[in-house]
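Here is the naming used below: chain letters follow the sequence lines, and residue numbers restart at 1 for every chain. We use all heavy atoms of the structure for the numbers below, so side chains are in, but hydrogens, waters and symmetry mates are not.
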Amino acid sequence: MSQKKSSPPKGGPRTVEAGYHSPPSWVFPLLSLVAGGIVWLVISSGFGMVASIKFHSAGFLADFEWLTYGRVRAAGSTAFIYGFCIPAATAFALCQFASLSRSRLPLPGLVLIGTVFWNLGVLVGVGGILGGDLSGFDHLELPGYSLPILFTGFLALGVWGCLALHQRENSGLEIEHWFSLAALFWFAWILTTATLLLHTFPLRGVAQSIVSWWFTGNLTVVWMGLAGLGAVLSLVRKSTTVVNRNLGLFIFWTLLLFGSWVGIPAAAPVPAWMPVLSKVFTALLLVPVLGVFVLLARSRFRFIDGQGSGFAKLSAVMFVVFGLILSISAFFGFEKLTQFTWFNIALEQLGSYGFFGFALFAVIYSEVPHFSGFAWPFPKLIKAHLALGAIGLILAVLPLMAAGLVQGLDMSNPTVTMVDVARNTLKFLRPATLGELFIGIGHLLFLVNISFLVANFARRKATVLMARLHFPGAAEVQS
Amino acid sequence: MNYGPLVFLAAFLALSGSWVGFVVAPNFQLSTLQETNTIGAGVTYPLGRPGLAQQGLQVYRANGCVSCHSQMVVQERTMCEVSLTDFGTNFVAVESALRGINSNYNAQVINELKKSLPKTIVFDTTKQKADATVKLINQAGAKAQVVVTPSGSDIARGWGRRRSVAEDYLYDDPVMLGGLRVGPDLANLGSRLPDVNWHLRHLYAPQTEIANSTMPPYRFLFETRKIGSVPVAEPLNLPSGLVPTGYEVVPKPEAVALAQYLVSLRADVQLYSTPFSTPPAASGSGSGISSNAPAVK
């Protein structure tokens, strides 16, 4: 944890006292993809706070059309998923693939194009949501016109990832590479399907909702599971590689097989086989979740020393907890109690923030120094971020789960009016707002750290450029 | 050995399985979904929403109303009851039939019963038992009918008379079913609260219509202007104190469209996929169903 200087990466750029290895030209665009993601992360917690405060004072900012609850909530969740999660996870996957090869990788411009288009797409999308163009589909609130921009960006990044992977030196892939590769591939698939069937050629009636649930389930369980586990597993210390490899492949395949059917609610007004099938597969999700637990137990829960290992440990625990609650909730009519309540929101937050967000923080804190060649300027802020994130998560999730259970019990009793049902949850929403505040402050610290790191990186790059201009003949170490 | 292609193939098959199952198959099954006929009145259902209500759906979408409101009624089970509608003339036979059903029916109870028809004589039973009872009563020369009642907390709250089905959303785009109920379910809001002006007042100041409501106001859908400055169609009739004197609150077109959409939310007709019966009316005629289906007569 107390690592102050960056350790030299395998085959990547490094800071050397004597000379300066200029980093490969794909490093800066990838670093800006991550940094842009962290800017969106801060923006998303800002929107989240505004949305959260509205529960304590309904009139708060109510007269601004673009800040009405429904729009701010959608903008916040979009900024988190599309602004931070997807670019950060993709950047990590590309770094993983790039580190498999020591040679110069082709077409670094693709990463730049991808970064620019992706962030432009999110900007247009979040702006559109605030302007009232949200789609009305959960987890895909982005307006239809922003999706082609995003897709172009993702395609550029994905193609570059495949090129980098193609240039790898050893033909075999580690488990975590399979996870990251499948995540890239599956995200392109589900985004294309959802775009075509919800925006370009919209389906009729509830067929829209089915595709929307399918997309949500695949994004929050399969994609996040794949990309998040790819990140966490890359930080697990590999002591018993052979066992872990087979177990890893088993987890990989069962997660795809079972997780991709999760998401159709039991009460959905659709032909009955769909919710039933979805429920069966949700219960079966227990298999990969227990697999992850066994894998972590076998590796004695030891992670590679790095500044993100605290986040990695928390993330691994949260994955198991999230998966257990999700799959067990398919049994015993639990869904009857929790449907339409805050419980599901809390569970989703546990998965997408506690597991997935923390997994990304872990790899960003651990890997960015390796790839950029610059240490984190303020290592203490990383510890503060970890503490704020952990406390914030507990404060945000546990009260919200309690709120959901109380709400479910109240709703099943028709003598309790709906106003009272809503009022009875408010006391739980207060600590949750506090939790979001903690989480948001943690994000600000994260932003401070990455901004100074990027500034250091850019300053060094500028110095080198200036030196080249002034002393064209000076000896230069090329990687 | 290089397992790469095998891993890729296995992953591809697993993922395409879910794509075929939850994207292609539902589309095959539901893309042919047609309007249907209602039970009883036999009218076509559903009809598209009127134009203004369709614009209102877009206002509903644009402001993220789906974040807090669901539009699907959940039904926990279906209850069957038997209602005696006509006693007939053969008192002795009917009396013995009723005693066969319930030994508590003595002559006095039956005489009471006879005066206040229609009356439920068997509560909460299965369809088979209810049919058998009806047969027994009919053989005795009286008339009885099975009453099918959906039940569950949503229905007890008055949010609908039956569960929501795929047909209810046939003409909506986008379909916004919602997953969180911070506020009530709106699938049948128009049946409960059919007054457009109520909705306008509620959107402007929710707490004036529903005490202690946690709903935020949507005042940006309204315009506050000096009385007499512009000729006005219909200012809102708001409680005093909300608007400064000399001013009036006028709904913008979006507010009117949204209110029209909210009153158009009615999914309570009887369909063959979700049968329920209306308890027999005392007069013995007319289905008595209120719905957005037009009356055919």
Side-chain angles (χ1 to χ4, degrees), chain A residues 54-55 58-59 62-65 68-71 73-74 132-138 171-173 178 182 186 189 193 197 202-211 214 249 252-253 256-257 260-261 264-265 267-271 274 277 340-342 344-345 411-414 418-419 422-423, chain B residues 2-4 7 10-11 14-15 17-19 21-23 26-27 29-31 33 61-68 70 72 74 76 153 156-157 163-185 206 210-220:
Chain A
K54 281 173 187 273
F55 274 101
D63 292 343
F64 299 99
E65 185 169 4
T68 191
Y69 176 77
R71 295 191 193 175
R73 191 205 61 79
D133 285 344
L134 60 164
S135 69
F137 299 115
D138 196 24
S171 65
L173 286 176
W178 276 114
W186 190 228
W189 189 339
T193 301
L197 299 183
L203 297 175
R204 289 166 76 227
V206 285
Q208 286 185 359
S209 304
I210 298 166
V211 170
W214 174 83
L249 276 177
F252 172 72
W253 195 66
L256 293 182
L257 189 66
S260 55
W261 297 79
I264 310 241
V270 297
M274 295 174 206
L277 205 59
F340 304 116
T341 70
W342 286 106
N344 296 330
I345 309 284
M411 276 201 299
S412 62
N413 177 4
M418 227 21 221
V419 171
R423 290 257 155 213
Chain B
N2 182 11
Y3 288 104
V7 177
L15 294 173
S18 115
W19 188 73
F22 276 171
V23 177
N27 199 25
Q29 189 175 0
L30 293 171
S31 65
L33 197 67
R61 168 191 62 69
N63 292 299
C65 305
V66 69
S67 300
C68 296
S70 63
M72 52 172 151
V74 183
E76 278 149 34
S153 59
R157 280 179 186 278
R163 70 184 166 90
S164 300
V165 288
E167 283 88 347
D168 295 335
Y169 311 93
L170 198 56
Y171 291 125
D172 286 342
D173 180 26
V175 175
M176 289 170 286
L177 297 174
L180 180 64
R181 285 176 178 168
V182 179
D185 186 90
I210 293 177
N212 290 324
S213 166
T214 51
M215 182 169 132
Y218 288 85
R219 291 192 188 159
F220 54 80

Asker: Name the region of A:Phe55, side chain, backbone, both or neither, that has any atom closer than 4.5 Å to a heavy atom of chain B.
Answerer: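 Just its side chain gets close to chain B.
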Asker: Using side-chain hydrogen bond (donor to acceptor under 3.5 Å, both in side chains) as the criterion, list what pairs up with B:Arg163, not counting sequence neighbours.
Answerer: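 For B:Arg163, no residue satisfies side-chain hydrogen bond (donor to acceptor under 3.5 Å, both in side chains) once neighbours in sequence are set aside.
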Asker: I need the A:Thr193 OG1 to B:Trp19 CH2 distance, nearest 0.5 Å.
Answerer: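 One gets 6.0 Å once the value is rounded to the nearest 0.5 Å.
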Asker: Could you check which of B:Val66, B:Val165, B:Asp185, B:Asp168 has the highest count of heavy-atom pairs closer than 4.5 Å to chain A?
Answerer: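 That would be B:Val165.
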Asker: What part of B:Thr214 is in contact with chain A, defined as an atom under 4.5 angstrom from a non-hydrogen atom: side chain, backbone, both or neither?
Answerer: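 Both backbone and side chain of B:Thr214 come within 4.5 Å of chain A.
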Asker: If you compare all heavy atoms of A:Phe340 against all heavy atoms of A:Met411, which two are closest, and at what distance to 0.1 Å?
Answerer: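 That would be O-CE, 3.7 Å.
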Asker: Against chain B, label A:Asp63 side chain, backbone, both or neither, depending on which of its atoms sit under 4.5 Å from a heavy atom there.
Answerer: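 For A:Asp63, backbone and side chain are both near chain B.
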Asker: Given a strict heavy-atom distance threshold of 4.5 Å, which part of A:Val419 is in contact with chain B: side chain, backbone, both, or neither?
Answerer: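 Side chain of A:Val419 only, per the 4.5 Å heavy-atom cut-off to chain B.
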Asker: Can you tell which of A:Gly70, A:Gly59, A:Pro202 has the highest number of heavy-atom pairs within less than 4.5 Å of chain B?
Answerer: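 Most heavy-atom pairs within the cutoff with chain B belong to A:Gly70.
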Asker: In terms of heavy-atom proximity below 4.5 Å to chain B, should A:Trp342 be classed as side chain, backbone, both, or neither?
Answerer: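 Interface part for A:Trp342: both.
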Asker: Identify the two heavy atoms, one from B:Pro26 and one from A:Met274, that lie closest to each other, and give their separation to 0.1 Å.
Answerer: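 That would be CB-CE, 3.6 Å.
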Asker: Residues in side-chain hydrogen bond (donor to acceptor under 3.5 Å, both in side chains) with A:Trp214, at least two apart?
Answerer: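 A:Trp214: side-chain hydrogen bond (donor to acceptor under 3.5 Å, both in side chains) contacts with B:Ser18.
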Asker: Could you walk me through whether B:Arg157 and A:Met418 pass the side-chain contact (heavy atoms from CB on, under 4.5 Å) check?
Answerer: CA-CA 9 Å; B:Arg157 280 179 186 278; A:Met418 227 21 221; 4.2 Å; yes
Asker: Can you tell me which of B:Leu177, B:Leu33, B:Asp172 forms the most heavy-atom pairs within a distance under 4.5 Å of chain A?
Answerer: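 Highest number of heavy-atom pairs under 4.5 Å: B:Leu177.
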Asker: Contact part of A:Arg71 toward chain B, heavy-atom cut-off under 4.5 Å: side chain, backbone, both or neither?
Answerer: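 Looking at A:Arg71, backbone and side chain both touch chain B.
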Asker: Is it the backbone or the side chain of B:Leu15 that comes under 4.5 Å from a heavy atom of chain A, or both, or neither?
Answerer: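 Both parts, backbone and side chain.
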Asker: Looking at B:Ser213, B:Gly21, B:Ser164, B:Pro174, which one has more heavy-atom pairs under 4.5 Å with chain A than the rest?
Answerer: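 Greatest number of close heavy-atom pairs with chain A: B:Pro174.
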Asker: With no hydrogens and no angle check, is any side-chain donor or acceptor of B:Arg61 less than 3.5 Å from a backbone partner on A:Ser135?
Answerer: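 No.
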Asker: Specify which of B:Gly178, B:Ala211, B:Pro217 makes the most heavy-atom pairs with chain A at under 4.5 Å.
Answerer: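 The residue among B:Gly178, B:Ala211, B:Pro217 with the greatest pair count is B:Pro217.
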Asker: Of the backbone (N, CA, C, O) and the side chain (C-beta and beyond), which part of A:Ala62 lies under 4.5 Å from a heavy atom of chain B, both, or neither?
Answerer: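 Contact with chain B is through both the backbone and side chain of A:Ala62.
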Asker: Kindly give the heavy-atom pair with the smallest separation between B:Pro206 and B:Pro216, and that separation in Å.
Answerer: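 B:Pro206 and B:Pro216 have their closest heavy atoms at CG-O, 3.6 Å.
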Asker: Look at atom CH2 of A:Trp189 and say whether more than 12 heavy atoms of other residues, nucleotides or ligands are closer to it than 6.0 Å.
Answerer: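 Enclosed: over 12 neighbouring heavy atoms sit under 6.0 Å from CH2 of A:Trp189.
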Asker: Ignoring hydrogens and geometry, is there a side-chain-to-backbone donor-acceptor pair from A:Arg204 to B:Ser31 under 3.5 Å?
Answerer: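 Here the side-chain-to-backbone pair exists.
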Asker: Quick one: of A:Trp178, A:Tyr69, A:Phe252, who has the most non-hydrogen atom pairs under 4.5 Å with chain B?
Answerer: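 Option with the top pair count is A:Trp178.
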Asker: Side chain, backbone, both or neither: which part of A:Trp261 has a non-hydrogen atom closer than 4.5 Å to chain B?
Answerer: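 For A:Trp261, backbone and side chain are both near chain B.
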Asker: Where on B:Val182 is there a heavy atom nearer than 4.5 Å to chain A: the side chain, the backbone, both, or neither?
Answerer: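 Contact with chain A is through both the backbone and side chain of B:Val182.
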Asker: Could you go through the side-chain contact (heavy atoms from CB on, under 4.5 Å) check for A:Phe137 and A:Val211 one step at a time?
Answerer: CA-CA 10 Å; A:Phe137 299 115; A:Val211 170; over 6 Å; no
Asker: Using heavy-atom distances under 4.5 Å, tell me whether A:Ala267 contacts chain B through its side chain, its backbone, both, or neither.
Answerer: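 Looking at A:Ala267, backbone and side chain both touch chain B.
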Asker: Taking all non-hydrogen atoms of both residues, which atom of B:Ala166 and which atom of A:Val206 are closest, and how far apart?
Answerer: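 Minimum heavy-atom contact is CB-CG2, 3.5 Å.
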Asker: Does any N or O in the side chain of A:Arg423 come within less than 3.5 Å of the main-chain N or O of B:Asn212, such that one atom is a donor and the other an acceptor?
Answerer: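 Yes: the side chain of A:Arg423 pairs with the backbone of B:Asn212.
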Asker: Shorter than 4.5 Å, heavy atoms on both sides: which option in B:Gly64, B:Ala11, B:Ala14, B:Ala62 has the most such pairs with chain A?
Answerer: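 Going by pairs under 4.5 Å, I would pick B:Ala62.
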Asker: With a 4.5 angstrom heavy-atom cut-off, is it the side chain or the backbone of A:Gln208 that approaches chain B, or both, or neither?
Answerer: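 Just its side chain gets close to chain B.
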Asker: With a 4.5 angstrom heavy-atom cut-off, could you sort out which part of A:Leu173 is near chain B: side chain, backbone, both or neither?
Answerer: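 Neither part, no heavy atoms under 4.5 Å.
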Asker: Name the member of B:Ala156, B:Ala10, B:Gly183 that forms the most heavy-atom pairs with chain A at distances under 4.5 Å.
Answerer: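 Option with the top pair count is B:Ala10.
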Asker: For each of A:Asp133, A:Leu256, A:Leu257, tally heavy-atom pairs with chain B at distances under 4.5 Å, and name the one with the top tally.
Answerer: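 Of the options given, most contacts go to A:Leu256.
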